[in-house]
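Here the structure is laid out as structure tokens; the discussion comes afterwards.
Bear in mind the structure is a predicted one, so any value in this text is a computation, not a measurement.
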Amino acid sequence: MTADTLYAGRARPAGRRLPGPRHFFTPAAVAVVLIALYAWVGTLELDSIEQRSLNGAVLLAKAVEHLQMTIAATVLVVIIAVPLGIVASRARNRFIAPVILTVGNLGQAIPCIGLLVLCTFLMGVGFQTALVGLVAYAVLPVLRNTMVGVQQVDPALIEAARGMGMTSGQVLRRVELKLAVPAILAGLRTALVLTVGVATLGAFVAAGGFGELIINGLKLNRMPVTIVGGVLTACIAFLIDWLGGLAEDVLKPRGM
């Protein structure tokens, strides 16, 4: 029996599963909520203040500002947290790891609004101030999950890779990081949802977003404005969490 015959007789790895009906439940539910919200607002007699806040141009601008804060903060979190997580995962850095985790935990140890106030004292108000606060708050989940994901790779696989002649960098890129992808993506998914929620506080530092609708509605006693801002923020959070779940299914290594 030839090697080709043996290989042909082996079970081939299953391909990635296509999105099923369960994958579309979240966007369908969000669509129903948005339609219901639109219909409800349409039944209200809005005054001039509410009309200036609840129109398509304003809502689109606030959505763009909110997503800009979220995406920019997430990119910076990945750039900062993944390398630090790799450094903290190394046995030779066991004395540095607690320091890295402590620094990463500072953002969540300080209340969100307090963190933004501190950033305001140092940097003034604006998009950059909100961005620093969001990054500090969201860095811990990605940092910890990267560290845990790399540490949980089977040492036998690492030794086998080294036995094949791979360098340390190749082992990290081709083995450890690939196998840690599910854990890293789970941390990134958590960070994204946290960032969407905390980004509403960016309104306090003149960074825009749906937080402005919520705060203005509360200040001016216009509950429709507050409700619309809150519901739209929640819808973005659910959609981003849904996209994160799809990314986990697509990017995780086969067989895991």
Side-chain angles (χ1 to χ4, degrees), residues 49 52-53 58-88 93 95-147 187-223 225-237 240-241:
I49 295 176
R52 283 197 296 269
S53 298
V58 171
L59 294 178
L60 179 60
K62 297 306 173 188
V64 170
E65 291 170 353
H66 208 97
L67 288 174
Q68 283 177 337
M69 282 190 285
T70 301
I71 294 172
T74 303
V75 170
L76 290 175
V77 164
V78 171
I79 293 173
I80 295 170
V82 172
L84 286 178
I86 294 171
V87 171
N93 297 329
F95 298 111
I96 303 176
V99 177
I100 295 175
L101 288 174
T102 300
V103 173
N105 195 40
L106 285 177
Q108 293 195 359
I110 303 173
C112 301
I113 189 66
L115 184 60
L116 286 176
V117 169
L118 290 176
C119 293
T120 301
F121 283 135
L122 297 174
M123 303 173 58
V125 297
F127 180 83
Q128 294 83 356
T129 301
L131 195 59
V132 171
L134 291 175
V135 170
Y137 191 76
V139 75
L140 183 61
V142 180
L143 171 62
R144 184 178 292 278
N145 278 39
T146 301
M147 177 180 173
L188 182 59
R189 186 176 175 182
T190 301
L192 275 167
V193 176
L194 285 174
T195 304
V196 172
V198 177
T200 56
L201 298 179
F204 288 107
V205 293
F210 286 130
E212 285 191 359
L213 294 181
I214 297 172
I215 294 170
N216 290 337
L218 290 173
K219 288 193 302 184
L220 301 174
N221 195 25
R222 298 298 193 276
M223 289 310 297
V225 178
T226 300
I227 292 172
V228 169
V231 171
L232 291 179
T233 301
C235 287
I236 289 180
I240 285 181
D241 183 66

Taken in chain and number order and not counting sequence neighbours, the residues that satisfy side chain to side chain donor-acceptor pair (under 3.5 Å) with Arg222 are Asp47
Rounded to the nearest 0.5 angstrom, the OG1-CG distance for Thr74 and Leu192 is 4.0 Å
Worksheet item: Val196 versus Thr233: any side-chain heavy-atom pair under 4.5 Å?
Response: yes
Residues at least two apart in sequence or cross-chain that pass side chain to side chain donor-acceptor pair (under 3.5 Å) with Asp241, listed by chain then number, are Arg189
Between Ala138 and Ala191, the two heavy atoms sitting closest are O-CB, 3.5 Å
In short, ring pair (Phe, Tyr, Trp, His ring centres under 6.0 Å) pairs touching residues 61-84 with sequence neighbours left out are His66-Phe210
Closest non-hydrogen atoms of Ala73 and Leu131, given as atom of the first, atom of the second and distance, are N-CD1, 3.4 Å
Tightest non-hydrogen contact, residues Ala199 and Thr70, listed as CB-OG1, 4.3 Å
For residues 131-140, the salt bridge (Lys or Arg N to Asp or Glu O under 4.0 Å) pairs (sequence neighbours left out) are none
- Dump the intermediate steps for side chain to side chain contact (heavy atoms under 4.5 Å, CB included) on Leu232 and Ile236, then the final yes or no. CA-CA 6 Å; Leu232 291 179; Ile236 289 180; 5.7 Å; no
Residue pairs passing the side chain to side chain donor-acceptor pair (under 3.5 Å) test with at least one member in residues 194-213, sequence neighbours excluded, are Lys62-Glu212
Closest non-hydrogen contact found for Pro141 with Gly187 is CB-O, 3.6 Å
- Query: Hey, does the side chain of Asn93 reach the backbone of Ala88 with a donor-acceptor pair shorter than 3.5 angstrom?
  - Reply: no
| said: Keeping Thr226 on the side-chain end and Leu218 on the backbone end, is there a donor-acceptor pair under 3.5 Å? | reply: yes
Interatomic distance, CG@Leu220 vs CD1@Ile215, rounded to 0.5 Å, equals 11.5 Å
| Considering only heavy atoms from C-beta outward, does the side chain of Val142 approach that of Thr146 to under 4.5 Å? | yes
Query - pair Ser53-Leu213: side-chain heavy atoms closer than 4.5 Å - result: yes
Donor-acceptor contacts, no H, no angles, side chain residues 99-127, under 3.5 Å, sequence neighbours left out:
{"from": "Thr102", "atom 1": "OG1", "to": "Pro98", "atom 2": "O", "distance (Å)": "2.7"}
{"from": "Gln108", "atom 1": "NE2", "to": "Tyr137", "atom 2": "O", "distance (Å)": "3.2"}
{"from": "Thr120", "atom 1": "OG1", "to": "Leu116", "atom 2": "O", "distance (Å)": "2.7"}

Item to check | Close side-chain approach of Met69 and Leu134, heavy atoms under 4.5 Å | outcome: yes
